[in-house]
Protein chains: 2
Amino acid sequence: MNIEEIKNKLSQHGLKATIQRIQVYSAMLKTKSHPTAEDIYSMVKAEIPSISLSTIYNTLDSLIEKNLVSTVKTDSDVTRYDAFLDSHHHIYVGGGDEIIDYYSQELDDLLNDFFKKNSIPNFEIKEIKLQLKGDYVNNQKENN
Amino acid sequence: MNIEEIKNKLSQHGLKATIQRIQVYSAMLKTKSHPTAEDIYSMVKAEIPSISLSTIYNTLDSLIEKNLVSTVKTDSDVTRYDAFLDSHHHIYVGGGDEIIDYYSQELDDLLNDFFKKNSIPNFEIKEIKLQLKGDYVNNQKENN
DNA sequence: CTTATTGCAAACGGTTTGCAGCATT
DNA sequence: AATGCTGCAAACCGTTTGCAATAAG
């Protein structure tokens with residue numbers, strides 16, 4: 001998504017297209033992983049050196065309110081953010097903070113099916129999300 | 001679980017059976033919901049008025065380390081604790097902090113089956129947990 | 001008697017807030 | 001020109017820590 005498209009997206013959602021918001025959202029879209037506010041801060045600082053951390057938080061809050069971004073809670077106490085809002089699940093690697101997205105239409109179908117057959121009384125399900133916890137095996141990705 | 005059993009359980013896990021730990025663990029077992037540290041604090045304070053919040057935190061940390069308790073992350077910034085460690089899923093009600101346990105052997109089988117057939121390369125799954133988000137319908141539970 | 005645990009008060013760290021100045025529409 | 005946004009610094013609040021006094025094994 002280029003700058004012009006980001007501008008439009010922000011306007012469409014009733015947000016003024018300030019440089020700060022454009023850069024924050026742009027940074028969110030650039031990172032495949034799940035950045036913290038600080039991560040975004042350092043990324044955006046390269047473009048707007050004078051930006052402050054609280055603007056990052058304010059901006060992320062606005063984006064969340066407009067459903068352009070969501071939060072992911074980790075086991076540590078930092079909030080991580082996610083700009084990819086299509087249905088996906090999360091793989092939590094090790095005890096740490098690494099989170100990987102997991103997409104599977106087959107799994108989604110399976111789950112939707114299950115809860116269609118086993119609906120919960122007086123409860124309307126809005127989102128079904130899986131958390132997988134585990135570890136790499138075979139020395140894969142162990143030397144970061 | 002009575003006091004004597006709790007004492008034994010603590011000892012078995014290499015923890016000195018102090019009154020504080022006994023009361024904290026007892027309080028954890030009493031609450032079906034997912035209490036915060038503050039919740040446990042007020043519960044235990046009824047038994048041990050002099051107990052301090054930091055002891056609650058320290059004690060919960062010990063219990064977590066010995067796998068007698070686990071944490072549940074919510075969308076707000078408070079940590080909630082859970083002393084029921086058998087495989088269950090969580091239903092997040094509304095935007096708030098209410099969390100309900102969901103047990104289903106059939107669902108667990110379905111998921112284990114799925115990931116047996118669709119294993120993730122170089123990754124060993126240790127826990128599969130579902131998060132359902134949604135809301136009550138039919139005026140059920142709306143006046144708390 | 002030894003070692004671990006408690007409780008206090010102070011520190012910590014991520015996040016939020018109030019507000020004056022400024023940029024966007 | 002009017003409104004909403006930014007950036008600063010200070011506040012906030014859940015959680016952690018250092019340490020002297022105390023209790024458990």
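No hydrogens, no waters, no symmetry mates; every other heavy atom, side chains included, goes into these values. A, B, ... follow the sequence lines: proteins, then strands. Residue 1 opens every chain.
The closest donor-acceptor contact from the side chain of Glu47(B) to the backbone of Val44(B) lies at 3.5 Å or more, if one exists at all. Panel note: side chain Arg21(A), backbone Lys16(A); a donor-acceptor pair is recorded below 3.5 Å. The closest donor-acceptor contact from the side chain of Asp39(A) to the backbone of Thr36(A) lies under 3.5 Å.
Proximity of Lys73(B) to Thr74(A): side-chain heavy atoms (C-beta onward) are nowhere separated by under 4.5 Å. A heavy-atom distance below 4.5 Å is found between the side chains of Val72(A) and Tyr92(A). Side-chain contact between His13(B) and Asn67(B) is absent, with no heavy-atom pair separated by less than 4.5 Å. Proximity of Leu63(B) to Leu15(B): side-chain heavy atoms (C-beta onward) are separated by under 4.5 Å at one or more points. A heavy-atom distance below 4.5 Å is found between the side chains of Leu130(B) and Leu111(A).
If you check every strand for non-hydrogen atoms under 4.0 Å, Thr79(B) touches sugar and phosphate atoms only.
Distance CD1 (Ile56(A)) to C1' (dG7(D)): 11 Å, rounded to an integer number of Å. Put simply, CG on Asp97(B) is 12 Å from P on dG14(D), counting in whole angstrom units. Here dC5(D) presents its P atom at 11 Å from CG of Leu10(A), a figure rounded to the nearest Å. At whole-Å resolution of the value, CD in Glu38(B) and C1' in dC13(D) are 10 Å apart. Taking atom CD1 on Ile22(B) and atom P on dA4(C), their separation rounds to 19 Å, with Å as the unit. Rounding to whole angstrom units, CD1 of residue Ile40(B) and C1' of dG14(D) are separated by 16 Å.
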Fill in the blank from the handout: Per-nt protein contacts along nucleotides 20-25 of chain C (heavy atom under 4.0 Å; B base, S backbone sugar-phosphate only, - none) come out as ----BS
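Using a 4.0 Å cut-off between a side-chain N of Lys or Arg and a carboxylate O of Asp or Glu, Asp135(A) and Lys126(B) qualify as a salt bridge.
Of the residues in residues 41-54 of chain A, Leu53(A), Ser54(A) come within less than 4.0 Å of DNA chain C through at least one heavy atom, sorted by number. Against DNA chain C, the stretch residues 58-75 of chain A makes heavy-atom approaches under 4.0 Å through Asn58(A), Asp61(A).
Donor-acceptor pairing under 3.5 Å is recorded for the side chains of Asp109(B) and Gln105(B).
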Exercise for the section: Applying side chain to side chain contact (heavy atoms under 4.5 Å, CB included), run through Asp101(A) and Lys32(A) and close with a yes or a no. Expected result: CA-CA 9 Å; Asp101(A) 288 340; Lys32(A) 60 276 136 231; over 6 Å; no
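Taking the screw axis at each terminus of the helix from dC1(C)-dG25(D) to dT25(C)-dA1(D) from five consecutive base pairs, the angle between the two is 50° to within rounding of 10 degrees.
Distances shorter than 4.0 Å separate none of the side-chain N or O atoms of Tyr57(B) from OP1 or OP2 on dT16(D).
Sequence neighbours left out, the pairs with a member in residues 113-122 of chain A that pass salt bridge (charged side-chain N to carboxylate O under 4.0 Å, His left out) are Asp113(A)-Lys117(A).
Scored by the ring-ring contact (aromatic ring centres under 6.0 Å, His included) test, His90(A) finds His34(A), His88(A) as partners (sequence neighbours excluded).
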